[in-house]
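Worksheet: one structure, shown below.
In what follows, every chain begins at residue 1, and chains take the letters A, B, ... in the order their sequences are listed.
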Amino acid sequence: MPRREPVWNDHAARLVHKTVRGAKGVLTFEAPTLAPLLEPGQFVNLEVPGHVLRRPMAPASGGGRTFAIVMTARWEGTRDLLNLPLGAEVRVLGPLGNTFPPPTGRAILVSGGSGAGPLAYLANRLAATGREVVVLHGARDASEAHLIPLFARGGARVRYFSEDGAHGEQGLPTQALPELLAAGPATVYAVGPEGLMREAARLAAAHDAPCYVSLEAHMACGVGACLSCVHPTTRGTVHLCVDGPIFNAEEVIWGDEPAQH
Amino acid sequence: MPRREPVWNDHAARLVHKTVRGAKGVLTFEAPTLAPLLEPGQFVNLEVPGHVLRRPMAPASGGGRTFAIVMTARWEGTRDLLNLPLGAEVRVLGPLGNTFPPPTGRAILVSGGSGAGPLAYLANRLAATGREVVVLHGARDASEAHLIPLFARGGARVRYFSEDGAHGEQGLPTQALPELLAAGPATVYAVGPEGLMREAARLAAAHDAPCYVSLEAHMACGVGACLSCVHPTTRGTVHLCVDGPIFNAEEVIWGDEPAQH
Amino acid sequence: MNPLSIDFLGVTFPNPVVTASGTFNFGKEYAHLYPLSRLGAITTKGTSPRPIPGAPPPRVTETPGGMLNAIGLENKGVERYVQDELPWLREQGARVIVNVFGDTPEEFAYVAERVSPFAHLLELNLSCPNVHGAGLPFAHDPQAAAEVVRAVKDATDRPVIVKLSPNAPILPVAEACEAAGVDGFSLINTLLGMRIDLETRRPVLGHKTGGLSGPAVKPVAVRLVYELYRHTDKPILGMGGIRTVEDALEFALAGARMVAVGTATFSDPFAPLKLVEGLERFFAGRTDTWRDWVGAAHR
Amino acid sequence: MNPLSIDFLGVTFPNPVVTASGTFNFGKEYAHLYPLSRLGAITTKGTSPRPIPGAPPPRVTETPGGMLNAIGLENKGVERYVQDELPWLREQGARVIVNVFGDTPEEFAYVAERVSPFAHLLELNLSCPNVHGAGLPFAHDPQAAAEVVRAVKDATDRPVIVKLSPNAPILPVAEACEAAGVDGFSLINTLLGMRIDLETRRPVLGHKTGGLSGPAVKPVAVRLVYELYRHTDKPILGMGGIRTVEDALEFALAGARMVAVGTATFSDPFAPLKLVEGLERFFAGRTDTWRDWVGAAHR
Ligand SMILES: Cc1cc2nc3c(=O)[nH]c(=O)nc-3n(C[C@H](O)[C@H](O)[C@H](O)COP(=O)(O)OP(=O)(O)OC[C@H]3O[C@@H](n4cnc5c(N)ncnc54)[C@H](O)[C@@H]3O)c2cc1C
Ligand SMILES: Cc1cc2nc3c(=O)[nH]c(=O)nc-3n(C[C@H](O)[C@H](O)[C@H](O)COP(=O)(O)OP(=O)(O)OC[C@H]3O[C@@H](n4cnc5c(N)ncnc54)[C@H](O)[C@@H]3O)c2cc1C
Ligand SMILES: Cc1cc2nc3c(=O)[nH]c(=O)nc-3n(C[C@H](O)[C@H](O)[C@H](O)COP(=O)(O)O)c2cc1C
Ligand SMILES: Cc1cc2nc3c(=O)[nH]c(=O)nc-3n(C[C@H](O)[C@H](O)[C@H](O)COP(=O)(O)O)c2cc1C
Ligand code: FES
Ligand code: FES
């Protein structure tokens, strides 16, 4: 995926809506100068008041006056972000990074955890253009029902999976892939925990289907200046914030694989 | 003034009202467990969200469900305090420190800057018990009109002074002292910049009138544990948070006087 | 079985949470809030043979995420404390770590001897100036530090820990103290810093420089605890910016067997108690114990 | 008269605000936001003779009031930079401080010579390990530091400043460098720290330890600038947690002739520009100048 020329800026955003369920939630920001520019797969670097570093998040919607993010609170920064009061104003760097390439054939989206954000955006964008889109979203339990409205916006067909069977089908979203891939040409987009992305990539490769994934790294600048967000690939070490975060799964070197030089 | 037994605790308080004029303001907190305990002259140690240390402030009212503070924003902590949104909840240590002793004769209160807080409280308390109270409040210019409602609550006679004459009489509040002191037995209470307190103390001494002042020091704990808030007095070094902040002016050693050992 | 119980140099503490020296005085100020025996131990304010008036004010000021202090070792001298404060503190059922300092190894030894009857452990503050050694702190001179340890070990039968300063390389000092027979370590003391007042154009603190403490120094402290743990088998009391259960566990992983809460007590006087309660809740639902976390980042 | 104009080693800078090495790369990433010539100068990312791949990820993490980084000196090697980046940066009208490092004094000298045509000043990063000296950083060994300075001074006609590390006593290093002919100093580089992940139970950073920067370290930096100013007549470029006009003035009072903005650029990419604009507004209404504040806490 080619680098984009820098078009990002630091935009004002105001928290106008939020749904919180325990440590998870969806936050919607009004950001009239930024939201129209955001493409699926790109990310923003969000100011969290009181924190020195911003937090990278991949929008779950955009194009209009607002963008949403699907988030999981991990440590203090994301906890404070989830606790942000309605009406709070923050600065947001964006749009950052590259976008998902268009699909060949049907689009199969494999989503786990906060991968739901960028994939919901992609699903709705593709479905709006009349593409055939299937979303396979996996969760551990029933705690992610708050995501349903996100996916429901477009016309994508969405199948939910949960490990305990409490929400949708029982099992992992990747289990539905072989059948779908066998049914004809398709492009796989997988975003979620590394295990999920690797398994989706493996199955896609077995069916000669292209597979795109979104990688994560700890980031400081988000724009290529600090050299913190490295990841090994078959074409050498890349900086995720400008060379990614979206990669063709073929070129990704995963956690326990030896890096190539 | 004798030390008090520790009765302080860490109380919840909610900002329910504020008047801000530039860098100055009056903040009113609802604190039903703390406010009833506060006596004029005492102080509280206020949490400022995002700050490691609390900030000592001497209430301008108390006794009921709320207490007010008159404040001036200096650096970041007080700036953030003044910017606290209505409804914010903070923790407040109190009541801390000693109180103003009762007056002999009339009470003459000489106030400058944020000395207005504790002296407004004292004025209203004394006036309510039928004491004759005169308040002399000094400001640089007209920027302190927001204090009028504070003093107006009780029945004290209040005279405003400003250096430029824009608010009340022109000049310093201490200029009215000699005449008032000559008129009969009185007790002087002076709280404000050191120069003001020293001048009030000098004039009171010249008329054999007792004079009480409130001293300030940088504080960490506010309760006697950190030994940070020292001040020299004729009876040795004291810790303002537990030995004060109210002192008989006679025993205070001021800034450029040699400390006694 | 109490999952927080921890043995430290032969003393069994009900939990690993200690107050840091100088931030809790001798405990009296906080005793009406909660029983001092609820904490693992109280470390008392640094004590010297004779009273010391301390530094000129201002003595504290805030910095981003931390604070500076230059109290100048103010204390009333050991006699007052063995009369009034230490017996009282023991009566509360508290476990007591007495923080000791002096101008010379002999002064350290003198104070150590006087306070030993009341102390579960002695903590030697080596950040004070060595008056016979060019005025540099003992913590900057491994040989001087070792002399202090030898003198104190001869004067007491209590376990002795040395408090290390982050302003000088810690390993040479730690090694010299081990060779001299020290029983354990605590760290970190404060990092030297300064704040300048834009109005007066002078350093804010009366002493000009002061010691930085609070959350800001936590990563420096964790790094030093981690580094020390790799070089010694002696137990470590860790501190520097600890307030939450997460903070305490991070120090445990790095190698701290016990942890002290200092500056956080100024943010919230209940901080040490809340940390005990928080750790109790954390381990209530688990099968492992505090002990299992100690040094786990090295395994 | 521009009240922010400042002479530093014979170069006149329109204002004292510089970007800190490693936080602004070679400027290209930010050039579409504001003209780089608006800043006093750009300090470029540390450059070595050959490309260095750097440390394993994660390379950054946040801490209270600060951040840790262990980039591991990743850079593309001096050839790439003299081809692409440095000429471009000069074309922008920016003043350029090139941050240089190497494994040996010779490597420092080689890079210094290659970049000199593009540099207004050279800044030597002595926090990198001295491969012929037990792997300790040059900044921990005054003699090794002095050798680097001598080698570089022979290889360039540009003014040379040495960047001091807060992890070792600075005065011996500063003295040795002065004797070796250094022209000025910058400080502070980052303080060594660590954060441990409670889930993995391992240090967060791939390199385990990292360098602490940001507001948390400001008091340590101010103290070291103040201390160095009392011991040298050479000009000082101060840094460590600077973001606001107040921060910059505090460093000026301590003795910094120029100031660098590092971590604040991650909080806000406009931070360096905003500082220039803030200082312009501050001095617009005054009769004194930035120059009058430099070292004023000592007068
Ligand atoms: C391109 C991209 C898109 C992302 N999109 C989303 C999203 O839509 N929803 C969502 O919930 N999360 C998303 N993440 C992950 C999210 O950024 C981290 O969970 C978050 O930064 C952790 O912050 P913290 O304060 O909880 O953790 P802390 O560990 O306290 O954060 C400290 C530092 O570490 C960094 N960090 C820690 N963990 C991660 C991580 N897993 N990935 C990146 N940086 C990390 C933080 O940015 C911060 O700089 C995305 C990450 C990237 C790189
Ligand atoms: C007993 C007492 C009562 C007070 N009552 C009031 C009041 O009613 N209204 C009011 O506006 N101010 C009052 N003050 C002063 C007020 O506490 C300081 O202005 C405030 O702490 C400064 O905080 P800052 O964040 O602006 O300054 P900073 O300098 O950023 O604060 C840093 C540290 O220095 C301490 N500090 C700085 N200046 C002072 C100072 N002048 N006095 C004490 N500590 C200081 C702060 O507490 C803090 O710990 C009182 C002080 C004391 C001791
Ligand atoms: C006000 C204050 C006074 C202190 N006095 C002492 C002391 O007397 N002896 C000592 O060894 N350490 C002293 N310290 C250092 C603390 O015990 C502790 O090592 C340091 O503050 C780091 O922990 P913290 O970040 O939790 O505060 C003092 C610290 C503060 C803030
Ligand atoms: C991500 C990052 C990379 C850095 N890289 C370098 C470097 O290559 N060379 C160097 O001398 N200093 C480097 N530094 C140190 C900074 O230049 C600066 O000295 C330090 O961060 C303190 O300033 P600050 O608190 O404003 O960031 C780096 C700092 C950070 C945060
Ligand atoms: S986050 Fe700074 S280079 Fe990618
Ligand atoms: S403020 Fe701590 S002793 Fe007074």
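Enclosure of atom CD in D:E246 by more than 12 non-hydrogen atoms of other residues, nucleotides or ligands within 6.0 angstrom is indicated. Other residues, nucleotides and ligands contribute more than 12 heavy atoms inside 6.0 Å of the NE2 atom of A:H51. Residue D:K208 qualifies as open at atom NZ: its count of foreign heavy atoms under 6.0 Å is 12 or below. The 12-atom threshold is exceeded at CZ of A:R79, counting heavy atoms of other residues, nucleotides or ligands nearer than 6.0 Å. Within 6.0 Å of CZ on A:R21 lie more than 12 heavy atoms contributed by other residues, nucleotides or ligands. For A:E76, the CD atom is loosely surrounded, since the number of other residues' heavy atoms within 6.0 Å does not exceed 12.
Contacts of residues 59-68 of chain D with chain A at a heavy-atom distance below 4.5 Å involve D:R59, D:V60, D:T61, D:E62, D:G65, D:G66, D:M67, listed in sequence order.
Contacts between D:F26 and chain A at a heavy-atom distance below 4.5 Å are absent for every atom of the residue. For D:A31, no part lies under 4.5 angstrom from a heavy atom of chain A. Heavy atoms of A:H231 lying under 4.5 Å from chain D are absent altogether. For a residue to count as touching a neighbouring chain, one of its non-hydrogen atoms must lie under 4.5 Å from one of that chain's; by this rule A:R74 does not touch chain D. With a 4.5 Å cut-off on non-hydrogen atoms, D:P215 touches chain A through its side chain but not through its backbone. Heavy atoms closer than 4.5 Å to chain D are found nowhere in A:A217, neither backbone nor side chain.
Of the residues considered (D:T265, D:T23, D:L198, D:N75), D:L198 shows the highest number of contacts with chain A, using heavy-atom pairs under 4.5 Å.
A:R54 approaches D:F266 most closely through the heavy-atom pair CG-O, 3.9 Å. Considering every non-hydrogen atom in both A:G224 and D:E29, the closest pair reads O-OE2, 3.3 Å.
Here the CD1 atom belonging to D:I71 is positioned 5.5 Å from the SG atom belonging to A:C226, to the nearest 0.5 angstrom. Put simply, CG on D:L33 and CG on A:D10 are 8.0 Å apart, with the number rounded to the nearest 0.5 Å.
By the 4.5 Å heavy-atom criterion applied to side chains, D:V204 and A:H218 are counted as neighbours. Using a 4.5 Å cut-off on side-chain heavy atoms (C-beta onward), A:R91 and D:P269 make no contact.
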- What do the steps show when you test D:E74 against A:V230 for side chain to side chain contact (heavy atoms under 4.5 Å, CB included), and what is the final call? CA-CA 10 Å; D:E74 173 181 340; A:V230 286; 3.6 Å; yes

